[in-house]
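Below is one structure; the comments refer to it alone.
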Amino acid sequence: MSRIAIIGGHGKVALHLSRILSGEGHYVTSFIRNPEHVADVTETGATAEVLDVENSTTAELAQAFQGHDAVVWSAGAGGGNPARTYAVDRDAAIRSMDAAAEAGVKRYVMVSYIGAARNHGVPEDHPFFAYAEAKAAADDYLRGTDLAWTVLGPGTLTNEPPTGLIETDPANPGNGTETSRANVALVTAAVLELPGTIRRTITFKDGSDDVVDALTED
């Protein structure tokens with residue numbers, strides 16, 4: 001049994017993930033900002049902890065992570081406010097990485113998106129620009145740490161049921177990148193169990209390959 005911390009615990013991916021991990025016998029702590037969401041989180045089998053990561057210091061986050069074996073970042077500002085997007089998706093995410101290292105938690109999984117990169121190509125006047133910039137900065141920072149990191153880049157998220165079937169490194173993302181949130185959770189749970197996914201950036205979408213097979217193929 002592992003102890004896994006999920007940041008952004010009330011998000012749809014995180015709720016799927018905590019249910020999967022709890023069902024596998026892991027101890028899951030889901031960190032949430034809104035105390036009104038505690039019941040939704042505990043229903044999945046996770047322990048809900050109220051923590052405002054946007055306004056928490058590195059030391060406070062490190063204290064929260066003590067005793068865990070892995071941290072999963074599945075939080076987001078939700079768009080609409082560039083200042084808050086940078087504060088959460090970049091700054092708080094980076095503090096959480098420093099906090100994981102400070103707490104002695106080596107394993108860190110970042111849920112990002114398929115187009116995240118410094119050269120994302122999003123125009124500066126586009127509403128998505130701040131998010132693209134923030135995620136690129138956070139992902140790059142993570143890759144430069146000594147953590148046992150994995151960056152996950154799912155395609156366009158849907159609420160379709162889980163299939164357990166994906167395609168990694170899609171050759172032509174322009175042909176469509178729909179990815180169910182439930183499959184994202186399955187992939188996240190799988191990489192936590194697969195040492196071969198450490199220090200890899202894995203892009204994926206719904207496909208026809210079993211999750212574990214897709215993640216372990218050469």
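Index from 1, following the sequence.
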Original post:
Out of curiosity, Thr57 OG1 to Gln63 CD, how far, rounded to the nearest 0.5 Å?
Top reply: 10.0 Å
Subject >> ILVMFWY network linking Leu194 to Trp149, side-chain heavy atoms under 4.5 angstrom >> reply: no
Original post:
Same hydrophobic cluster for Ile166 and Leu192, using side-chain heavy-atom links shorter than 4.5 Å among ILVMFWY?
Top reply: yes
Original post:
Do the side chains of Asp206 and Ser180 get nearer than 4.5 Å, heavy atoms only?
Top reply: yes
Original post:
Heavy-atom distance under 4.5 Å between the side chains of Glu24 and Glu193, does that happen here?
Top reply: yes
Original post:
Same cluster or not: are Leu157 and Phe204 linked, directly or through other Ile, Leu, Val, Met, Phe, Trp or Tyr residues, by side-chain heavy atoms under 4.5 angstrom apart?
Top reply: yes
Subject >> Shortest non-hydrogen separation from Ala137 to Ile94 and the atoms involved >> reply: O-CD1, 4.5 Å
Subject >> Check against side chain to side chain contact (heavy atoms under 4.5 Å, CB included), Val191 and Leu152 >> reply: CA-CA 9 Å; Val191 301; Leu152 297 179; 4.1 Å; yes
Subject >> Distance, nearest 0.5 Å, that separates CZ of Arg95 from CD of Glu102 >> reply: 12.5 Å
Subject >> Heavy-atom pair of closest approach, residues Ala99 and Ala62 >> reply: CB-N, 3.4 Å
Original post:
Under 3.5 Å, is there a donor-acceptor pair between the side chain of Arg3 and the main chain of Gly67?
Top reply: yes
**OP:** Would you kindly confirm whether Val28 and Val187 end up in one hydrophobic cluster when ILVMFWY residues are joined by side chain heavy atoms under 4.5 Å apart?
**Re:** yes
**OP:** Could you walk me through whether Met110 and Lys135 pass side chain to side chain contact (heavy atoms under 4.5 Å, CB included), step by step?
**Re:** CA-CA 10 Å; Met110 166 63 74; Lys135 292 301 283 185; 3.4 Å; yes
**OP:** Indicate yes or no: does Asp69 engage Arg107 in a salt bridge with an N to O separation below 4.0 Å.
**Re:** no
Subject >> Spacing of CG belonging to Asp89 relative to OG belonging to Ser112, to within rounding of 0.5 Å >> reply: 9.0 Å
Original post:
Yes or no on side chain to side chain contact (heavy atoms under 4.5 Å, CB included) for Thr168 and Glu217, after CA distance, side-chain angles and deciding distance?
Top reply: CA-CA 10 Å; Thr168 56; Glu217 64 186 10; 3.7 Å; yes
**OP:** Can you see which heavy atom on Ser96 is nearest to which on Ile7, and at what distance?
**Re:** CB-CD1, 3.9 Å
**OP:** Taking Thr177 for its side chain and Gly155 for its backbone only, find out whether a donor-acceptor pair lies under 3.5 Å.
**Re:** no
Original post:
His68 versus Thr29: any side-chain heavy-atom pair under 4.5 Å?
Top reply: yes
Original post:
Are Thr145 and Tyr108 close enough that a side-chain donor and a side-chain acceptor fall under 3.5 Å?
Top reply: no
Original post:
For Leu51 and Ala64, which heavy atoms make the closest approach, and how far apart are they?
Top reply: CD2-CB, 4.1 Å
Original post:
Using the ring of each side chain (for Trp, its six-membered ring), is Tyr131 parallel, tilted or perpendicular to Phe128, with breaks at 30° and 60°?
Top reply: tilted
Original post:
Taking all non-hydrogen atoms of both residues, which atom of Val122 and which atom of Ala132 are closest, and how far apart?
Top reply: CG2-CB, 4.0 Å
Original post:
Would you find a donor on one side and an acceptor on the other, under 3.5 Å apart, between the side chain of Lys205 and the backbone of Gly176?
Top reply: yes
Subject >> Test side chain to side chain contact (heavy atoms under 4.5 Å, CB included) applied to Trp73 and Val53, Leu142, Val111, Val109, the passing residue >> reply: Val53
Original post:
Is there side-chain contact between Leu165 and Asp209, with at least one heavy-atom pair below 4.5 Å?
Top reply: no
Original post:
Is the shortest heavy-atom distance from the side chain of Val38 to the side chain of Ile32 under 4.5 Å?
Top reply: yes
Original post:
Is the closest side-chain heavy-atom distance between Arg143 and Val151 below 4.5 Å?
Top reply: yes
Subject >> In one Ile/Leu/Val/Met/Phe/Trp/Tyr side-chain cluster, 4.5 Å: Leu147, Phe31 >> reply: yes
Original post:
Quick one: do Glu54 and Arg84 make a salt bridge, cutoff under 4.0 Å?
Top reply: yes
**OP:** For residues Leu215 and Arg200, report the shortest heavy-atom separation together with the two atoms involved.
**Re:** O-NH1, 3.0 Å
Subject >> From Leu17 atom CG to Ser74 atom OG, the distance as rounded to the nearest 0.5 Å >> reply: 7.0 Å
Subject >> Side-chain donor-acceptor contact under 3.5 Å, Tyr141 with Asp98 >> reply: yes
Original post:
Should Arg199 and Thr150 count as side-chain neighbours, where that means a heavy-atom distance under 4.5 Å?
Top reply: no
**OP:** Answer yes or no: does atom CG of Asp146 have more than 12 heavy-atom neighbours from other residues, nucleotides or ligands under 6.0 Å?
**Re:** no
Original post:
Where the side chain of Thr44 meets the backbone of Leu15, is there a donor-acceptor pair that is under 3.5 Å apart?
Top reply: no
Original post:
So does Glu178 have more than 12 non-hydrogen atoms from other groups sitting under 6.0 Å from CD?
Top reply: no
**OP:** Dump the intermediate steps for side chain to side chain contact (heavy atoms under 4.5 Å, CB included) on Glu133 and Glu124, then the final yes or no.
**Re:** CA-CA 10 Å; Glu133 286 283 289; Glu124 194 166 347; over 6 Å; no
Subject >> From Glu49 atom CD to Ser30 atom OG, the distance as rounded to the nearest 0.5 Å >> reply: 10.0 Å
**OP:** Would you please say whether a donor-acceptor pair under 3.5 Å links the side chains of Tyr27 and Thr47?
**Re:** yes
Original post:
Any sub-3.5 Å donor-acceptor pair from His16's side-chain atoms to Val13's backbone N or O?
Top reply: no
Original post:
Would you say Arg90's side chain and Thr85's backbone share a donor-acceptor pair under 3.5 angstrom?
Top reply: no
Original post:
With a 4.5 Å heavy-atom cut-off, do Arg118 and Asp140 have their side chains touching?
Top reply: yes
**OP:** Determine the interplanar angle of the His10 and His37 rings, folded into 0 to 90°, and report it as parallel if under 30°, tilted if 30 to 60°, perpendicular if over 60°.
**Re:** parallel
Original post:
What's the spacing between Lys106 NZ and Ile198 CD1 if we round to 0.5 Å?
Top reply: 9.5 Å
